[in-house]
Protein chains: 2
Amino acid sequence: MRIGELSERTGTPRRLLRYYEEQGLIFPSRCANGYRAYDESLVDRILQIRGLLDAGLPTRIIKQILPCLNKPRVIHFSDATPEMIATLEDERDRMTERIECLVRNRDAIADYLDAVRGDKRPDAAPEASTTP
Amino acid sequence: MRIGELSERTGTPRRLLRYYEEQGLIFPSRCANGYRAYDESLVDRILQIRGLLDAGLPTRIIKQILPCLNKPRVIHFSDATPEMIATLEDERDRMTERIECLVRNRDAIADYLDAVRGDKRPDAAPEASTTP
DNA sequence: GTTGACCATCACATCGATGTGATGGTTCGA
DNA sequence: TCGAACCATCACATCGATGTGATGGTCAAC
């Protein structure tokens, strides 16, 4: 597909699809006329990239971890240098920290919302303190 | 404490402590001479802010959710306007999406790392496919 | 009272992600 | 053949989070 369709199907501005390519995150091929040609699988990949960007990872890191994700899992052990491994372990741990921070705060928000709602309708409170 | 100590204890540049204040995330009091005076509890708060920032939340959102987090949980239901509630629900859901995306990708990295390590030391592979 | 380590404000620079517009080529249907 | 709808590249602007430096006040120790 061409850039317009990919843009529509992923909700991503064309500008950014070109930017992700420039950053080395995707490698669309080219038609004879110079138009970019995107493979079907890039729809998911773009979504994945955007999710990671939204979660705070920079393109530099995304570029490093993408090659290791959802691959045939059989080939490509060749390019796993020790530095790469260390980088990945680092990033895995950083992601775990991010996850924990997000979970903590999201749960706090959820608790607050539950409390506010429980305050307004004290009958349907889902906790265990209403019927003693 | 003053800004220098807070900066050291949180690993945050003074510049950013002032920036967070400018963005309405923290409200240090002032000494007679104009120096900012930070309460002990702000150490954790700064860490929390940095974690959320690192996880991709903008200060604008952090400013909205902070008042609802780890508070006495008793007072302050007054300022919960319906729009505020809606914003919080939105943000809670967005955080959940972020979390799921991060977990998916972190697990993929972890799996990859396990596979690579299992490839190098096929004896201690933790999965269930080595001893048939 | 001077020095050095703090602090203040303010302005400007940078960096990554994104928006926007200028300019021009390709394709295709009216 | 013309115009609309794509596409290309390129340059510049914006925005939020940060870095950096200029300029000057406060205070404790010497």
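So that the names make sense, note that chain A is the first sequence line, chain B the second, and so on, each numbered from 1. No hydrogens, no waters, no symmetry mates; every other heavy atom, side chains included, goes into these values.
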Derivation and outcome, salt bridge (Lys or Arg N to Asp or Glu O under 4.0 Å), residues A:Glu97 and B:Arg50: CA-CA 12 Å; A:Glu97 281 172 30; B:Arg50 303 219 92 204; over 6 Å; no
Give each protein N/O atom lying under 3.5 Å from an N/O atom of nucleotides 1-6 of chain C, with the pair distance.
| residue | atom | partner | partner atom | Å |
| --- | --- | --- | --- | --- |
| C:dC6 | O2 | B:Tyr35 | OH | 3.4 |

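Contact check on B:Glu91 versus B:Arg94 returns a salt bridge, with a Lys/Arg side-chain nitrogen under 4.0 Å from an Asp/Glu carboxylate oxygen. Salt bridge status for A:Glu21 with A:Arg30: present, with a side-chain N to carboxylate O gap under 4.0 Å.
Along DNA chain D, the stretch of nucleotides lying under 4.0 Å from any heavy atom of chain B spans, 5' to 3', D:dG16 to D:dC27.
Taking A:Thr87 as the reference, A:Gln64 meet the side chain to side chain contact (heavy atoms under 4.5 Å, CB included) condition, with sequence neighbours excluded. Residues passing the side chain to side chain contact (heavy atoms under 4.5 Å, CB included) test with B:Arg14 are B:Ile3, B:Ser7, B:Arg18, sequence neighbours excluded.
When side chains are defined from C-beta on, B:Leu17 counts as touching B:Tyr38, because their heavy atoms get closer than 4.5 Å. At a threshold of 4.5 Å between non-hydrogen side-chain atoms, the residues A:Met1 and A:Arg9 count as touching. Using a 4.5 Å heavy-atom threshold, the side chains of A:Asp54 and B:Cys101 count as separate. Taking the side chain as every heavy atom from C-beta outward, A:Arg45 and A:Leu25 never approach each other to under 4.5 Å. The closest side-chain heavy-atom distance from A:Ile49 to A:Ile26 is below 4.5 Å.
Of the residues in residues 89-106 of chain A, none lies under 4.0 Å from DNA chain C by heavy-atom distance. Of the residues in residues 18-26 of chain A, A:Arg18 come within less than 4.0 Å of DNA chain D through at least one heavy atom, sorted by number.
Nearest approach of A:Pro13 to A:Gly11, heavy atoms of both residues: CD-O, 4.0 Å. B:Cys31 approaches B:Ala37 most closely through the heavy-atom pair SG-CB, 3.9 Å. Of all heavy-atom pairs between A:Ile62 and A:Leu57, the closest is CD1-O, 3.7 Å.
Two residues, B:Arg15 and B:Glu5, neighbour DNA chain C, and the one matched to the more 5' nucleotide by heavy-atom proximity is B:Glu5. Map B:Pro58 and A:Arg36 each onto its nearest nucleotide of DNA chain D; the residue landing nearer the 5' end is A:Arg36.
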